[in-house]
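As structure tokens, the structure follows; a few thoughts come after it.
Just so you know, ligand 1 is whichever comes first in the structure, and atom 1 is the first atom listed for that ligand. Residue indices begin at 1 and follow the sequence shown.
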Amino acid sequence: MRLFLPSLVKEGLGGGLKDEGGCMISGLEGKVAIVTGGARGIGLAIATLLADRGASVVVSDLNHEMAEQEASKLVSNGRAAIAVAANVASAEDVKGLVATTLSHWGRVDILVNNAGITRDGLLLRMKEEDWDAVMSVNLKGVYRCIKAVIPIMAKQRSGKIVSISSIAGVMGNAGQANYSASKAAVIGLTKTVAREYASRGITVNAVAPGFIDTAMTAPLSLEVREALLKEIPQARLGTPEDVANAVAFLASNQADYITGQVFHVNGGMYM
Ligand code: NAP
């Protein structure tokens with residue numbers, strides 16, 4: 001496994017949303033959040049929203065340069081952010097990610113397991129390496145990150161873990177046996193860890209997006225898109241921000257009594 005050395009971007013001042021009267025709302029001030037796969041797509045929207053609400057955010061990604069770029073943008077907008085390059089498929093990288101977060105900010109309040117990949121193909125043509133690659137990132141990566149932060153959160157007696165599952169993990173999706181199995185397993189993992197650590201003040205939830213307009217869905221042909229839209233009552237793909245809003249809620253104290261749940265963000269495609 002290649003080890004990416006953590007790279008730090010200068011910390012900025014914590015922000016926070018203000019209403020028209022200038023009062024702070026939806027406070028995540030003082031919270032430290034790790035977002036994996038945070039340099040683009042849904043992960044970037046989550047990192048941005050958490051930072052806008054006052055959290056100090058670790059933008060973590062395989063793609064070192066993009067993570068640094070995005071963390072720098074947040075900092076120049078007055079938010080608190082650092083970039084840490086980490087591959088969630090590497091146990092060593094995940095340890096480094098959490099250690100760097102602790103050495104920089106001294107705590108971990110929120111973990112968002114967002115990093116995910118696809119290696120699509122019909123079952124009979126699916127190679128074992130494609131099965132293993134997807135499981136290693138989408139499922140074992142989530143297990144690794146959760147295991148790395150749980151002792152810290154348990155000691156703090158508080159923590160919020162939100163993992164990005166998928167509608168494919170709930171409904172299945174032809175051509176995605178590996179992906180849908182990994183995303184269904186994330187739901188099982190979420191419910192189990194929620195039960196194991198509820199008494200320590202840690203909530204563990206999953207968000208299952210439908211089809212969201214990102215690089216992951218960019219390869220869909222016009223024909224497939226049109227067919228998809230017929231299956232979505234709201235007749236549009238979701239935006240990364242649609243998903244980020246659900247994650248930010250689950251990461252906030254407003255969701256203190258919600259654990260072991262799956263939030264569906266899909267324009268009504270699955271209900
Ligand atoms: P995306 O645009 O492909 O972005 C994924 C990000 O994760 C990229 O920055 C990628 O880095 C990073 N990443 C990939 N493998 C990683 C690894 N091993 N370690 C660390 N980071 C890694 O995907 P997205 O559409 O935003 O999806 C985000 C999450 O939502 C995924 O878990 C996905 O399965 C889930 N989801 C997406 C949709 C959808 O319709 N888009 C629907 C349901 C669920 P690189 O840029 O270096 O590749």
Here's a test for you: under side-chain contact (heavy atoms from CB on, under 4.5 Å), which of [options] qualifies with [X]?
| X | options | result |
| --- | --- | --- |
| Phe211 | Val224, Asn173, Leu229 | Asn173 |
| Gln261 | Asn205, Val207, Ile187 | Asn205 |
| Ser163 | Val262, Asn138, Val186, Val204 | Val186 |
| Ile161 | Ile34, Val108, Asn113, Thr259 | Asn113 |

Whether [X] lies under 4.0 Å from ligand 1, heavy atom:
| X | result |
| --- | --- |
| Met66 | no |
| Gly210 | yes |
| Ile117 | yes |

Heavy-atom distance to [atom]: which of [options] wins?
| atom | options | answer |
| --- | --- | --- |
| atom 11 (O) of ligand 1 | Val186, Asn63, Leu62, Asp61 | Asp61 |
| atom 5 (C) of ligand 1 | Ala67, Gly116, Gly43, Ala133 | Gly116 |
| atom 32 (O) of ligand 1 | Ile164, Asn114, Thr214 | Asn114 |

Is the contact between [X] and ligand 1 made by the side chain, the backbone, both, or neither, using heavy atoms and a 4.0 Å cut-off?
| X | value |
| --- | --- |
| Ala86 | backbone |
| Ile42 | both |
| Ile212 | both |
| Ser165 | backbone |

Using side-chain heavy atoms (C-beta onward) and a distance below 4.5 Å, is [X] in contact with [Y]?
| X | Y | result |
| --- | --- | --- |
| Ile167 | Met269 | yes |
| Thr203 | Ile258 | no |
| Ile212 | Ile42 | yes |
| Val35 | Val58 | no |
| Leu111 | Met153 | yes |

Do any N/O atoms on [X] end up under 3.5 angstrom from N/O atoms on ligand 1?
| X | answer |
| --- | --- |
| Val88 | yes |
| Ser166 | no |
| Asn87 | yes |
| Arg40 | yes |

What protein heavy atom sits nearest atom 36 (N) of ligand 1, and how far off is it?
->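 Nearest neighbour among protein heavy atoms for atom 36 (N) of ligand 1, to 0.1 Å: Tyr179 OH, 3.4 Å.
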May I ask you to identify the nearest protein heavy atom to atom 7 (O) of ligand 1, giving residue, atom name and distance to one decimal place in Å?
-> Gly37 CA, 3.4 Å
Show your working on side chain to side chain contact (heavy atoms under 4.5 Å, CB included) between Ile82 and Val59 and close with a plain yes or no.
-> CA-CA 6 Å; Ile82 58 170; Val59 180; over 6 Å; no
